[in-house]
Each structure stands twice: as C-alpha cells, then as structure tokens.
Amino acid sequence: MARRLALLFSLLLLSPLASQEAVPRLSVSYAVDVTNPESGKIRVAMTVRNNVEQDVPVSIPAWAPGAYRIVKYCKQLWNLEAFKDKQKLEVVSVDDQTWTVKTGGAPRFVVTYELTIDRLRMDKDHCFLAGPDTYMYLVQHKEAPCSVGFTLPDGWRVGTPLDADGPFYRARDYDTFIDCPTELGRFELFSFEADGATYELVIHAKGAVDGEKLVGMCHRIVMEQNKVFGPPPLKRYVFLYHFKDAIGGRGLEHLNSTDIIMPYTAIKIDPLLSASVTSHEYVHLWNVKRIRPFELGPFDYTQIVRSKALWLCEGVTSYYGDRGLLRCGLWKEQQYLDHLGTEIETLQNNPDRKVTPIEKASETVWDRKDWPRVDYYNKGELLGMLIDLKIRTSSRGEKTLDDVMRYLQQKYVLGPAAEGKGPIGVGYPENGMLKALNDVTKEDWAPFYQRYISGVEELPFQEVLEAAGLAPLLSTVDLPDLGVDLRGTSVLYVFAGSDAEKAGVKQGDRIVGVNGTEVRGATIREALAKLTPGEEATLTMLRAEERSEITIRPKLRQRATCKVRRAEAPTDLQKRLIDSWLGKLRDF
C-alpha cells in the first residue's frame, strides 16, 4: 500500500493538468490517502505547480454553498506543513483558516495536512468527501484548474461528478472542484440515459434497497424537469444517496450532482419516499446553481454571504420539485393538492409570518433565529404557486412562471456565458426577479412584491386560487394539540413546559404511530384530529432507528386548516388553466 501511495503522489507530480502552453498555467492537484478509514483521519497533499509568488496564502472554507451556516472546517485540520522538494518551508498562520506559505518563489511546492472525519461520514466501508470540508485553496488563484487522485483500501471505488482522466479526477477551477462531492467505498452504481445526458445513482446504504425502483423514479423526475427548464446543461449528472441511520432527510445541491441523506428504514419500506427531495435537488441544476442571485457565486468562503432571494432559490425550487412529482406520475392529483393545503396550514399556523418578511427571513437565515420563524422553503413554495397561477390567469394561459424562469436563464446565464462571461453566466441583481416578472407579463408586479415579499400581508390564497379554478377551504378550528409543531411527521419545535417536552420529545424526532396505528406525512393530521383533549394518547416515536412509546394528554389549540380542491363548476378556461398547470394539458 505504501508503494501504491508513493506511485500516486509521483503521478500527480509528473502529469500535466492542462495542455502545453507558452506560459505555464498555475495548477493545483491533490492526493488523498484514505487507506485507514477506521482511524477517523485522512491525509491530503496539495501540490501547486507553476508558482511565481514568494508568499502564497492558502485557506480552507468556513462554509459550504447551499448550507448557509458557518462551520469552520479548519477545526478538523491538523499538522499542516509545506515543502519544496524535501525542504521544509515556513508556514505563517494568518487567522484560524488561512496560512501563508513562504515559498521563496519555488515553482512547485506541496502543502500537506490531516483531516479528522466524522464517523457518520467515514467508516470501514466508505468515506464521503463533501469538498469544502476537504480541499484547501489558493486564496488569490481560485481560477486555477484542480485535480485529485485517491489511495483507497482494497475493493473501494470512486463515485463523483468530477471528470475522470485515468487515475485522476479534474475540474476547471476550485469553485467547480469543491462543488463535486465524492463517495469513496463499496457502493451500488446504476445509470440511465435521458435527453443526451448520462445519469448515475451512487447508492451507499445500510442494507439492501430497490435500486431499479430508484432509477425509475429518477428517470421520471429528470424527464419532467427537463421539459420545464430545457435540455440538461451537462453531459453527466450524479445522484449520491446515503441511506443510513438518520432522523429525517436532507439534500444538498451541487453544480452537476446532489448528495441526499435519508433514513434507511424509510427507504427500505418505500424508495419513493425520497422522491420529493430528489426532485427538489434536481431542479437546483438550474435554479441556484445557474439561475442565481449575483452574491451566490463565485463564492467568498471566508464569511457569511447574505441573500434576500433564498425564498426564490429554495422555495420556488420546492414548488417546481413537488409539482413535478404530479406531472411525472409519481403523485396523484389530490395528493399534490393536499400537499399544497398542508403547506398553507404550516404557514398560517406560524405567527412569525405576520412579523418577518420573506426577504428578511432569507437574508437572516445565517443567524438561526429561534422558532417560530418564517420558513423560506414553505412560504417560498406558496409564493411560487401564487405567482404561477396569477400569471396563468391574467394571461389566459399564454404565460406561466416557467417563462419567467427561462427569461432569467437566458438573460443571466446563457447570454452572458455565450459572451465569455463565465461558463455559468452571471447572477441576477436584487431586483432581477421583479424585473423579469414585469418584462414577461407586461404588468407591474411591484405592489405584489411590496405586500407579500418585502412585506408581511397575508398571502392572497382565496383570491388567486379561486380565480384560477380551485376551491380552497381555509378555516380556523379547535384541534387536539400535542405541544409540538410538526412538518409532516417530523417535530419542528417542542413548546416549553408542554407534556411533549416532559416526555422527552426533541426537535427532529418523528411520530410514526398514534394509538397503535402507523402514520405517515399524508395521514398524521387526520390521526391527530381524532384524539380527544384531556384523554391519554400513545405516540410511537422514532429517533434514529430506536422506537419508543410515550403517553401525552393533548390539549385544545386553535389551528388554521386548509383543503384544496378543484372548483365544482369551473369555466372552460379555468378547467384548461388547471389542467395545463397540473400537466394534463401540455399545449394550451
């Protein structure tokens, strides 16, 4: 193994990263040693070639794009050293995440360091490298092309959206490089072709899963979203799935991939439970990774990067993601309408909706305000629905939100890219979405923006949905209350002093049973509504893979409820509008 590692390092030192040029281009290559995963550590060697500078600052990111929280990956970095050939170079600490290497102008030098890897991301069977948590960068040269090679235990292989080139994996610059997460280990690999691109599923799971069912799910999602946004802007896309002991699930978008974590117990029962997060993350291929506010790329990895547009980046992505599940046949029509009703209920039961504008909630997400707080995923999805239906109604079906998103893509991504302003164009300005709405619809959207996006007026559900041909039933009723706020079956918040708190319920727990009856996201509200205030109720809770039962006496609490249906007597135009919106009528 030592000889194998030495060979890899020597190959990285000798192989040219780019074609021969008159003036050698600065380049960076990494060698990652994961030969002892059970140690909890990996070793990285970062080789810089064609350097001409005396002092070279290097750094490791403080956060990962899409996560919107300062992590400080420097906390897991150890034993940083630098060498010119075998001569040790002086390294001066600048701050907790940045160092200056005194190279003396050496054209080639190597920075070595060790990283501590969380046990949830590395064990005897695999190692997951997100990118920002692994690779240091040249502070003044993030444009330099990057490559990496891995030394692995026997039987392990590499799953990554990076471009393979022999034993190495390459990207055009650092931003692209660290936006390509990598799974190392023993995993299942599936693939399919669609719309001129190859799609891969890299699946690391605690046990057996139905890979073919996941492939079918991904294929349907891909085909539907490609119809909305156009042909995929790449040749290969990778779904990196981790199905393991977990509470709830999450996904993170990347330029040409996504990494998704879901509880293995849920996926074992039904792989399609990963459909919503999968569809959401795939829409990010366009919305956020390419169609983006100007502040979200190229990135400043050293500090907080605020944006007022996360409701559009994330919430509208959820709108397209979930609507796409109906359009591609993974959801039924009423299932989708019930989902919208649940999202409306979630917002209307959140008191912060009357206090915090969605733009402010987007901008201050880094500050981690205590619950209750406006969720830009939730309210953003509902804004996406309202904007889309409002455009369809006022234009009599001639225009949709899809046209607005394509306008943003052409103006800020495809057009600038064709002009040589970067491979993924430029970001839109703060008023970019408002201007796009005005230009596409030829109407003034400033009052809508002022009331519902910059302001805190109640969203016009009744007005917009009824005009489009839907029949929303919003009401306020007294319902049994457990002392928690839920999103589906997951506990968002536990109220202080409640029976739930006294019983040990924590944020992130899931309710999987009520009085002996199994519940899911689609059935839990109905099950809870049947409880009698003051009488004991037995809840089956799930934390990681451990089930437990607790007893709670629910109290009465006033709650908003919402049911969404088609109107009983729609006009012909309304029927066609809703059919088109739900994908049952493609050509209006």
Side-chain angles (χ1 to χ4, degrees), residues 65-66 68 142-143 161-163 171-180 194-197 199 221-238 252-258 279-300 305-321 323-324 362 380 383-384 387-388 391 399-441 445:
Y68 309 120
K142 288 188 292 182
E143 81 288 349
L162 289 167
D163 294 329
R172 60 177 174 251
D173 54 37
Y174 181 79
D175 284 334
T176 305
F177 183 70
I178 65 161
D179 208 13
C180 293
D195 292 335
Y199 294 84
I221 289 170
V222 161
M223 294 299 291
E224 172 55 37
Q225 303 300 359
N226 289 354
K227 291 175 186 175
V228 175
F229 293 97
L234 41 67
K235 292 299 183 183
R236 188 169 65 97
Y237 184 92
V238 182
L252 189 62
E253 68 273 10
H254 303 283
L255 190 66
N256 50 5
S257 65
T258 177
S279 188
H280 175 102
E281 297 306 328
Y282 185 66
V283 172
H284 274 317
L285 176 61
W286 294 274
N287 196 26
V288 167
K289 299 314 300 183
R290 288 165 176 83
I291 305 169
R292 66 195 188 279
F294 73 95
E295 60 270 18
L296 294 187
F299 293 102
D300 179 351
V305 178
R306 298 187 186 275
S307 174
K308 293 182 179 180
L310 296 188
W311 69 270
L312 172 58
C313 298
E314 297 291 353
V316 172
T317 295
S318 289
Y319 169 66
Y320 276 108
R323 192 192 67 174
S362 298
L383 281 166
I387 292 170
D388 196 9
I391 294 173
K399 296 290 183 180
T400 74
L401 180 59
D402 302 358
D403 296 302
V404 178
M405 300 305 291
R406 292 176 191 134
Y407 172 99
L408 290 170
Q409 180 171 227
Q410 182 59 45
K411 186 174 181 65
Y412 298 105
V413 182
L414 301 179
E419 296 170 2
K421 297 179 180 178
I424 56 173
V426 298
Y428 52 80
E430 188 171 305
N431 68 344
M433 181 59 170
L434 177 57
K435 187 176 188 306
L437 284 166
N438 290 343
D439 288 353
V440 170
T441 66
W445 281 77

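Along the sequence shown, the residues carry numbers beginning at 1.
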Novice: Atom SG in C180, atom CG in N256: separation rounded to 0.5 Å?
Specialist: 4.5 Å
Novice: Evaluate side-chain contact (heavy atoms from CB on, under 4.5 Å) for V228 paired with M405, printing each intermediate quantity in order.
Specialist: CA-CA 9 Å; V228 175; M405 300 305 291; over 6 Å; no
Novice: Write down the atom of L383, the atom of W311, and the distance for their closest heavy-atom approach.
Specialist: CD1-CE3, 4.0 Å
Novice: Find the distance between OG (S362) and CD (E314) and round it off to the nearest 0.5 Å.
Specialist: 9.5 Å
Novice: Which atom names give the shortest non-hydrogen contact between D403 and T400, and what distance separates them?
Specialist: OD2-N, 2.9 Å
Novice: Can you find a pair of side-chain heavy atoms, one from Y428 and one from I291, that are under 4.5 Å apart?
Specialist: yes
Novice: For E281 and H254, which I'm curious about, is there any donor-acceptor pair between the side chains at under 3.5 Å?
Specialist: no
Novice: Do L162 and F177 come close enough that some side-chain heavy atom pair is under 4.5 Å?
Specialist: yes
Novice: Is it the case that the ring center of Y282 lies less than 6.0 angstrom away from the ring center of Y237?
Specialist: yes
Novice: Distance alone, cut at 3.5 Å: any donor-acceptor contact between the side chains of Y319 and D388?
Specialist: yes
Novice: V316 and M433: side-chain contact (heavy atoms from CB on, under 4.5 Å), yes or no, with the steps?
Specialist: CA-CA 12 Å; V316 172; M433 181 59 170; 5.7 Å; no
Novice: With a 3.5 Å cut-off and no angle check, do the side chains of H280 and E253 form a donor-acceptor pair?
Specialist: no
Novice: Would you give the length of the straight line joining atom CG of L408 to atom CG of L312, rounded to the nearest 0.5 angstrom?
Specialist: 7.0 Å
Novice: What's the shortest heavy-atom distance between A194 and M223, and which atoms?
Specialist: CB-SD, 3.7 Å
Novice: Do the side chains of K289 and D179 get nearer than 4.5 Å, heavy atoms only?
Specialist: yes
Novice: Can you tell if the side chain of Y407 reaches within under 4.5 Å of the side chain of L437, non-hydrogen atoms only?
Specialist: no
Novice: For V440 and I391: C-alpha separation, side-chain torsions, deciding distance, then whether side-chain contact (heavy atoms from CB on, under 4.5 Å) applies.
Specialist: CA-CA 10 Å; V440 170; I391 294 173; 5.8 Å; no
Novice: Any side-chain heavy-atom pair from N226 and W286 closer than 4.5 angstrom?
Specialist: yes
Novice: If we only count heavy atoms from C-beta on, is the V288 to C313 side-chain gap below 4.5 Å?
Specialist: yes
Novice: Does any part of the side chain of R290, heavy atoms only, come nearer than 4.5 Å to the side chain of F229, both counted from C-beta?
Specialist: no
Novice: Roughly how far, to the nearest 0.5 Å, is OG1 of T317 from NE2 of H284?
Specialist: 4.5 Å
Novice: List the steps, then state whether side-chain contact (heavy atoms from CB on, under 4.5 Å) holds for L296 with Y68.
Specialist: CA-CA 11 Å; L296 294 187; Y68 309 120; 3.9 Å; yes
Novice: Applying side-chain hydrogen bond (donor to acceptor under 3.5 Å, both in side chains), can you list everything that pairs with Q225, at least two apart in sequence or on another chain?
Specialist: S279
Novice: More than 12 foreign heavy atoms under 6.0 Å from CD of E143: is that the case here?
Specialist: yes
Novice: Return the minimal non-hydrogen interatomic distance between P65 and F299, and the atom names on each side.
Specialist: CB-CZ, 3.7 Å
Novice: Please say which of D439, N438, N431 ends up in a side-chain hydrogen bond (donor to acceptor under 3.5 Å, both in side chains) with K435.
Specialist: D439
Novice: Work out which heavy atom in V238 is nearest to a heavy atom in R236; give both atom names and the distance.
Specialist: CG2-NH1, 3.5 Å
Novice: Just by distance, with hydrogens left out, do T176 and D173 show a side-chain donor and acceptor under 3.5 Å apart?
Specialist: yes
Novice: Looking at side-chain heavy atoms only, is the closest gap between P233 and L285 below 4.5 Å?
Specialist: yes
Novice: Work out which heavy atom in P298 is nearest to a heavy atom in D175; give both atom names and the distance.
Specialist: CB-OD2, 3.6 Å
